[in-house]
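For reference, the structure I am asking about is given below.
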Number of protein chains: 2
Amino acid sequence: MESYDLVVIGGGPAGIQGAATARVLGRTVALVDRHHELGGAGANTGTVPSKTLRETAVVLAGLRSRDLYGVDLSVRRKITVADFLRHERKVKEGLNARFNQQLDACDTRVIFGDATFVDANTILIHGRSSDEACDPHKERAALDEDVMIRGDKILIATGSSPSRPGIFPFGPGVFDSDTLLNLGNLPNTMAVLGAGTIGCEYACTFAALGSKVHLIDGRDCLLPFLDRSIAEALTVEMERAGIVFRWKERATSCVVEDVPTPGHLGRVRLGFDSGESLVVEEVLVAAGRVSNTGSLNLEAAGVKLGERGLIPVDRSFRTNVPHIYAAGDVIGFPALASTSIEQAQRAVQHAFGRNPAPGTPDLLPHGLWTIPEIGFVGSTEEELRKQGIPYVAGLASYADNPRGRILGDAAGFLKLLFRLPDLELVGAHMIGEQATDVIHIGMIAMHAHLRADQFDDMCFNLPTLGELYKYAAFEAILEAERQGVDRPLPKAAPGSL
Amino acid sequence: MESYDLVVIGGGPAGIQGAATARVLGRTVALVDRHHELGGAGANTGTVPSKTLRETAVVLAGLRSRDLYGVDLSVRRKITVADFLRHERKVKEGLNARFNQQLDACDTRVIFGDATFVDANTILIHGRSSDEACDPHKERAALDEDVMIRGDKILIATGSSPSRPGIFPFGPGVFDSDTLLNLGNLPNTMAVLGAGTIGCEYACTFAALGSKVHLIDGRDCLLPFLDRSIAEALTVEMERAGIVFRWKERATSCVVEDVPTPGHLGRVRLGFDSGESLVVEEVLVAAGRVSNTGSLNLEAAGVKLGERGLIPVDRSFRTNVPHIYAAGDVIGFPALASTSIEQAQRAVQHAFGRNPAPGTPDLLPHGLWTIPEIGFVGSTEEELRKQGIPYVAGLASYADNPRGRILGDAAGFLKLLFRLPDLELVGAHMIGEQATDVIHIGMIAMHAHLRADQFDDMCFNLPTLGELYKYAAFEAILEAERQGVDRPLPKAAPGSL
């Protein structure tokens with residue numbers, strides 16, 4: 001039986017990072033994945049594909065080009081599914097090749113198959129025959145028979161899958177966010193069930209492609225974790241794109257009345273608890289995600305499961321079995337590719353005697369690839385009010401920013417929240433093009449406990465969106481002065497922040 | 001005679017900021033501009049127009065669209081000058097309207113005309129008749145006769161203009177960066193004289209539009225202030241775009257052999273000191289800029305001039321006459337819109353008894369809107385070696401970054417330089433899409449004296465370019481470990497950077 005310092009179960013962002021971290025520390029590693037491609041939901045079905053499709057939709061539809069450049073730069077014909085998916089597939093293939101290279105380069109044994117625990121150190125891998133394998137590296141990795149391997153330490157990073165409520169007849173016409181990438185036609189009409197992040201992102205993407213999208217949710221407000229002003233601005237933009245919100249509606253039935261085939265759009269009827277019904281060509285169910293722990297036989301290893309299939313871990317990402325770690329979606333919130341990577345790195349460093357910072361970083365940036373994009377970090381106005389923390393807000397709009405004008409994004413803005421009386425940055429909220437990237441400026445500033453006057457003293461490249469920070473900070477200072485708040489600190493000398 | 005607390009001469013970025021700052025402090029302000037539009041070179045002829053045209057060229061030419069999306073999204077016909085300039089004019093008009101609103105809102109008197117000093121507090125404004133005025137606000141601002149106004153304090157912010165060496169017959173076919181916006185045709189062949197920032201930016205823009213561009217410079221290396229690896233990567237990309245570099249060549253003659261008219265491309269012959277010659281349809285002379293001080297009659301105010309028409313100032317932006325300040329291009333390096341704004345704000349705060357940080361911020365980000373973009377902040381490798389500062393470099397490439405793959409930018413990269421042994425960030429250099437904005441993450445990090453391990457402990461949104469910082473920092477840590485450098489500091493707890 002082959003034996004390794006570390007066995008990683010799951011080849012998504014957490015698993016790959018875990019394997020690479022162990023190799024950096026000079027340990028032997030085997031990585032098992034039940035798919036025939038590496039990258040997990042991050043690269044193959046979730047994070048990157050949805051963002052790539054968003055970008056493709058924006059480009060193919062020529063969004064803004066007529067307004068800005070006076071010429072129609074859309075593809076000017078019906079966009080096909082092949083058009084829509086081409087770039088996504090290329091990006092995915094590129095990432096898969098890169099992951100394989102990366103694991104090759106660091107000499108990690110990769111095995112494709114289903115892993116189950118035999119005991120707390122032994123994993124049985126049920127191989128898949130190589131003709132099932134679609135990966136170019138399949139020769140190396142596919143198994144013709146079951147094997148058992150032993151790991152001194154084990155990292156569970158099996159991720160999550162879309163939740164599939166029983167009332168939906170998943171198949172042609174009715175998709176979850178994984179199967180959506182197999183869609184055969186671009187729908188003229190579509191229903192998205194669930195207005196969470198994934199639901200909103202896909203609703204925006206399909207609306208950009210010209211689909212009439214109905215976005216249905218049992219709650220009555222959009223993305224309650226967002227600062228209200230951002231959520232309201234997003235609502236306006238989504239409605240402007242033709243998306244119809246149906247709040248406080250729950251689907252009670254879903255019937256495929258006409259089965260779609262490639263080239264033939266079908267008909268799906270949704271019934272709601274309000275008694276109303278809706279007929280669309282395609283349905284996307286975005287009802288949350290569940291951990292992939294069902295087939296691991298965790299009992300054999302003595303690993304305890306928590307609620308909803310999540311694996312409880314301590315601040316070092318150890319399960320109740322000290323040499324078995326877990327990281328990524330499988331341990332629950334925040335379940336982002338970015339946090340999964342960091343968790344896996346810390347787990348493996350801990351496993352091999354390094355002393356990483358414990359837990360997941362407190363200061364997490366968030367990105368939503370809606371149209372327009374949203375980025376935020378730190379507290380919302382609502383949170384500050386609830387906590388009784390006095391603050392001032394400073395706004396800067398894309399319309400007043402030369403780069404914003406070049407991009408033609410008239411609705412975008414940055415809102416900075418500064419605590420009173422010291423005007424330290426405690427929240428940054430942004431909606432508009434490139435917001436998911438530009439919000440990192442705010443994240444680093446919060447790490448560094450920057451104050452409004454320090455932004456006001458800086459130079460930013462012009463024309464850039466980064467400049468918005470300077471102007472938002474200035475507005476906040478003016479507001480603080482209006483409120484009679486003396487700035488308690490003198491302006492710092494340049495460079496001495 | 002009207003009298004003001006502050007008279008600002010020049011309505012570009014520095015002048016507008018100076019006026020707005022004085023109004024925030026409750027002072028009366030008049031602003032004089034000799035053009036009939038506000039915004040100066042920043043909005044009207046330099047910074048923003050050149051960046052807008054770059055963006056237009058990228059979009060109209062459908063750069064990357066065929067590769068990425070498998071469809072040709074270029075305009076698919078000969079791009080006209082009207083296509084090319086449409087968006088630039090719209091952005092400019094938008095900014096002009098905004099500046100007018102801004103000055104209106106803060107109740108600044110705006111006067112269009114030529115300003116000359118009568119004495120150290122008195123300015124004579126030679127009005128231009130209103131039919132010359134092209135500004136929508138002309139009714140308010142244009143003068144039918146000369147007026148004199150008095151300023152308690154005065155801010156000179158008259159900016160700079162392109163240098164126009166005598167050998168060039170400026171006119172149809174031979175442009176400087178101001179007159180370029182009047183070009184009548186898009187050339188098939190073009191020569192750009194001077195491979196500085198402006199020359200490189202326009203060379204890239206016209207190459208993207210399909211012009212064959214010859215870039216000619218008396219020196220023998222591209223943009224010597226850049227980190228060498230960035231300059232080399234830019235050279236490769238510019239050559240790939242078809243730009244021909246001609247180093248160590250100086251133009252000795254320039255003859256328009258066939259005068260171009262709208263719809264008719266002309267012929268210009270350039271002779272070089274090497275004896276060679278070159279025939280192109282259009283010539284852009286990018287030979288640096290000179291301060292606009294010639295017509296101010298500074299002697300009457302007692303203001304001394306320095307070399308090349310620059311006005312010498314102290315760290316509070318005071319000229320030798322204590323109540324007369326100067327800011328922006330007119331005082332010389334770095335002569336960026338961003339720094340001009342900051343200088344003017346500090347000058348006016350100082351003039352009215354506030355106590356701003358002195359000088360221009362030491363830590364300046366730089367942006368070049370070449371294709372691809374470049375952003376940098378802090379020291380280059382060459383500077384660190386020269387200063388004998390030990391360091392390690394960490395690289396992260398767009399090709400290994402999911403966002404980079406979505407953008408299809410295979411050549412881009414971020415290089416971070418960390419000082420040894422403490423691994424504090426001392427330089428960040430980036431080439432690729434959005435580099436001018438994403439470099440601000442490095443700027444804030446340098447303000448905050450961040451170390452490599454702190455980046456390594458952070459989460460960035462995925463997929464974003466910001467993530468490159470985490471990976472570049474990680475590579476630098478590995479390199480430091482390879483060199484046997486012990487990290488002197490333990491990993492910080494999350495959020496406690």
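Owing to the predicted nature of the structure, the values given are computational and were not obtained by experimental measurement. First the proteins, then the strands, lettered A, B, ... as listed; each starts at 1.
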Less than 4.5 Å apart, any side-chain heavy atom of B/D437 and any of A/D437?
-> no
Looking only at heavy atoms, which two atoms of A/S338 and B/C459 are closest? And how far apart?
-> O-SG, 3.6 Å
Residue pair B/V438 / A/V438, side-chain heavy-atom distance below 4.5 Å | no
Heavy-atom distances under 4.5 Å only: say whether A/F84 touches chain B with side chain, backbone, both or neither.
-> neither
Among B/D400, B/L364, B/L478, B/L95, which residue forms the greatest number of heavy-atom pairs with chain A at distances under 4.5 Å?
-> B/D400
Region of A/L336 in contact with chain B, defined by heavy-atom distances below 4.5 Å | neither
At a heavy-atom separation under 4.5 Å, does A/K90 approach chain B through its side chain, its backbone, both, or neither?
-> side chain
Any side-chain heavy atom of B/D83 sitting closer than 4.5 Å to one from A/Y69?
-> no
Non-hydrogen atoms of chain B under 4.5 Å away: do they reach the side chain of A/Q102, the backbone, both or neither?
-> neither
How about B/D457 and A/E342: do any of their side-chain heavy atoms sit closer than 4.5 Å?
-> yes
Quick one: are A/H447 and B/Q454 in side-chain contact, heavy atoms under 4.5 Å?
-> no
Report yes if some heavy atom in the side chain of B/L68 is under 4.5 Å from a heavy atom in the side chain of A/R86; otherwise report no.
-> no
Residue among B/L465, B/V377, B/I439 with most heavy-atom pairs under 4.5 Å to chain A | B/L465
What part of A/V24 lies closer than 4.5 angstrom to a heavy atom of chain B: side chain, backbone, both or neither?
-> side chain
List the atom of A/P463, the atom of B/W369, and the distance in Å for their closest heavy-atom pair.
-> O-CZ2, 3.3 Å
Relative to chain A, which of B/G94, B/A337, B/G367 shows the most heavy atom pairs under 4.5 Å?
-> B/G94
Drop me the distance from B/N461's CG to A/F376's CZ, to the nearest 0.5 angstrom.
-> 9.0 Å
Max heavy-atom pairs within cutoff under 4.5 Å with chain B, candidates A/T339, A/V91, A/V59, goes to A/V59
Is the shortest heavy-atom distance from the side chain of B/Q434 to the side chain of A/T464 under 4.5 Å?
-> no
Please name the pair of heavy atoms, one in B/H87 and one in A/I406, separated by the smallest distance, quoted to 0.1 Å.
-> NE2-O, 2.8 Å
CZ (B/F460) and CD1 (A/I444) are apart, to the nearest 0.5 Å, by 4.5 Å
Is B/E93 salt-bridged to A/R405, going by a charged N under 4.0 Å from an acidic O?
-> no
Test A/H440 against B/Y469 for side chain to side chain contact (heavy atoms under 4.5 Å, CB included), laying out the working first.
-> CA-CA 10 Å; A/H440 293 130; B/Y469 283 86; over 6 Å; no
Report yes if the side chains of A/T436 and B/R403 come closer than 4.5 Å at any heavy-atom pair, otherwise no.
-> no
